[in-house]
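Heads up, the thing below is written out as structure tokens.
Below, read A as the first sequence line, B as the second, and so on, with proteins coming before strands; counting in each chain starts at 1. Fair warning: this is a prediction, and the values are worked out from it, not measured in the lab.
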Amino acid sequence: MSFLKRREFPLAVTAFVGFLMLFEYYFVVKAASDLAIQIRNWAVILATFALGVGTINLMVVWGKDIRGKKGRWYLSIWGIFMFFAMVVTGLLGPVIGTDPSFVWIYNNVNLALDPTMYALNAFFITSATYRAFRTRSKEAAVLLLAGCLVMLRNAPIGLVLWSGFEPVGSWIMNVPNTAGFRAIMIGGAIGLVATGLRTLLGRERGYLAGGK
Amino acid sequence: MIDLSEKGFLGRLADVDKRILYVVLVVMLSIPILSPLGLPLTLGKETKDTYDTIGRVPEGSTVLFLAEIAAYLFPELGPQVIAISQHCFNRNLKVVYVSFRQVEGPTILESLVLSKLDFRGAKYGEGYVDLGYFAGLEVSMAAFASDIYALVKEDYRKNSLDKLPIMKNLKTAKDFQLLVIIGVADEPVRQFGRFGIPTVVGTYAVVAPEVYPFYAAGQVKGILVGIRGAAEYELLVKKPGLAVASMDAISVSHVLVLVLIVIGNVGYLYERRRKK
């Protein structure tokens, strides 16, 4: 079998690029820096093409829904129409995304609907906090109390009720919160180092097709 | 005497229909919109540190501004971008806008942010520039940080970098004197932090707790936390806007949530006692 088709080839490429990036980070060698810069720029180009691949995939999924009349397939027709409307209007004019028709659609459709959908979370959060924030145990009670104190620190009405919410809320954010997140981040970083080393040494093959 | 065999009023407090909660929320949030409460706003230490950090940067310095705004985040992050940008222009700093996470960042910047700023005479290409969006997250940040000209050929408005005076002395991230991160902070801090540039972060309230370790360690000099931080900063730069106008609604919604938590727990604890 050709070497390019064998599984050792992607493992070798991964190891080479990974160790090059590590070497370039710690040692100042012009040849390594130049090569690393070039490879990073290739990665940016690949990531940009991945956006296109994602778009094509979306079209395929919508197309299947329309052909099979699955679920709310008529919304897929609307989705494809709006997609091409944005693409066509976005490409008009000397600079992409500055044509008045594109700006109008973006400002009056996207900027109106996107935050609106996000704002619907207000209703879900209100209902969820009412149902889920129960003092089922001592730990739950402490968590609830801390959450309430930080909320009152963030809302201006907290100052009106009691000036002590500011220092108490600040203490909660700067001491126990920082300690907890610091532990999570350090733990995550150690795990990342371990996974990275396994990937560089070819032990971690999840990114290969089939994972083998 | 309370009849413990039936649920009663207190027991039913734990089972209020969510539709009633939604109606109460809409009614409560309408109050500050129709009649602003004008509650006082204190200045947090994190916001003050952000303001002082930008205040210490010498005039004429260049700021790398990661404006990672998406449409759904604009109500929370948009005011932060506007307020910090205005402070930079008030101090005669040059600003280089770029986006590595949000593909909509440059579009929103051009249509909604730049139109609201007083540039104090700064011209595009000399006092500020929008470099656009680069895909790849940390890879594109690392590529930008190590060699700007290798990654970026032209700005968002299709001007070649060679024709932009602001980009003349900017080759790597080390050439910037301030880094402003709007959005998620850990990836930019990882990629740009090693250059030792003073960094301030504006982020949404949900993500803010994970920025505090960087703040405590000194890697981040100041934080704007959500819309509250944006409101404080708008008052500091004397440009009250959307964030200040939203604070009354924040107060009302927070009080409502707290009241509902108390009501729910009263009902829950009563039911638990009744069942015992």
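Within 6.0 Å of CZ in Phe23(A) there are more than 12 heavy atoms belonging to other residues, nucleotides or ligands. Heavy atoms from other residues, nucleotides or ligands lying under 6.0 Å from NZ of Lys153(B) number more than 12. Annotation for Lys64(A): atom NZ does not count as buried by contact number, only 12 or fewer foreign heavy atoms lying within 6.0 Å. Open room surrounds CZ on Phe133(A); 12 or fewer heavy atoms of other groups in view lie less than 6.0 Å from it.
Of all the heavy atoms in Arg182(A) and Ala216(B), the pair that sits closest is NH2-CB, 3.3 Å. Considering every non-hydrogen atom in both Thr178(A) and Pro213(B), the closest pair reads CG2-CA, 3.7 Å. Closest approach of Asn41(A) to Ala143(B), counting heavy atoms only: OD1-CB, 3.5 Å.
Neither the backbone nor the side chain of Leu29(B) comes within less than 4.5 Å of any heavy atom of chain A. In this structure, chain A has no heavy atom under 4.5 Å from any part of Phe144(B). Contacts between Leu269(B) and chain A at a heavy-atom distance below 4.5 Å involve the side chain alone, from C-beta outward. Contact of Leu151(B) with chain A is made through backbone and side chain together, with heavy-atom distances under 4.5 Å. Both the backbone and the side chain of Arg153(A) come within less than 4.5 Å of a heavy atom in chain B. Looking at Pro209(B), the atoms closer than 4.5 Å to chain A (heavy atoms on both sides) sit in the backbone and in the side chain alike. When heavy atoms are compared at a cutoff of 4.5 Å, Asn159(B) does not approach chain A at all. If you measure heavy-atom distances from Val24(B) to chain A, you find no contacts under 4.5 Å at all. Residue Glu110(B) does not touch chain A at all, counting heavy-atom pairs closer than 4.5 Å.
Between Tyr25(A) and Arg194(B) the shortest side-chain heavy-atom distance falls below 4.5 Å. Under the 4.5 Å side-chain criterion, counting only non-hydrogen atoms from C-beta, Asn265(B) is in contact with Leu144(A). Looking at heavy atoms from C-beta onward, Ile108(B) lies in side-chain contact with Tyr106(A) at the 4.5 angstrom threshold. Lys18(B) is not listed as a side-chain neighbour of Tyr130(A), based on a closest heavy-atom distance of 4.5 Å or more. You'll find the side chain of Tyr212(B) reaches within 4.5 Å of the side chain of Asn174(A), heavy atoms only.
Among residues two or more places apart in sequence or in another chain, the salt bridge (Lys or Arg N to Asp or Glu O under 4.0 Å) test is passed with Arg272(B) by none.
To the nearest 0.5 Å, atom CG of residue Leu39(B) and atom CG of residue Leu159(A) are 9.0 Å apart. Rounded to the nearest 0.5 angstrom, Thr129(A) OG1 and Ile261(B) CD1 are separated by 5.0 Å. Expressed to the nearest 0.5 Å, how far CZ of Arg40(A) lies from OG of Ser140(B) amounts to 11.0 Å. Once rounded to the nearest 0.5 Å, the distance linking OG of Ser127(A) with CD1 of Ile20(B) reads 11.5 Å.
Between chain B and the options Thr126(A), Thr135(A), Thr48(A), Ile37(A), the largest number of non-hydrogen pairs under 4.5 Å is found for Thr135(A). Note: Glu104(B) leads Glu46(B), Glu76(B), Glu104(B) in heavy-atom pairs under 4.5 Å with chain A. Ranked by heavy-atom pairs under 4.5 Å with chain B, the list Ala47(A), Pro156(A), Ala179(A) is led by Pro156(A). Taking chain B as the reference chain and counting heavy-atom pairs below 4.5 Å, the highest number among Met173(A), Glu24(A), Arg134(A), Met151(A) is found for Arg134(A). For chain B, the option among Gln38(A), Met185(A), Glu166(A), Arg136(A) with the highest count of heavy-atom pairs below 4.5 Å is Arg136(A).
Close approach to chain B, defined as a heavy atom under 4.5 Å from one of its heavy atoms, is seen in Asn107(A), Asn110(A), Leu111(A), Asp114(A), Pro115(A), Tyr118(A), Ala122(A), Phe123(A), Phe124(A) of residues 107-125 of chain A, taken by number. Contact annotation for residues 248-258 of chain B against chain A (heavy-atom separation below 4.5 Å, listed by residue number): Ile250(B), Ser251(B), His254(B), Val255(B), Val257(B), Leu258(B).
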Result block: side-chain N/O donor-acceptor pairs under 3.5 angstrom for residues 89-104 of chain A, not counting sequence neighbours:
unit_1   : atom_1 : unit_2    : atom_2 : d
Thr89(A) : OG1    : Ala85(A)  : O      : 2.7
Thr89(A) : OG1    : Met86(A)  : O      : 3.3
Thr98(A) : OG1    : Val95(A)  : O      : 2.7
Asp99(A) : OD2    : Ser101(A) : N      : 3.1
Asp99(A) : OD2    : Ser101(A) : OG     : 2.3

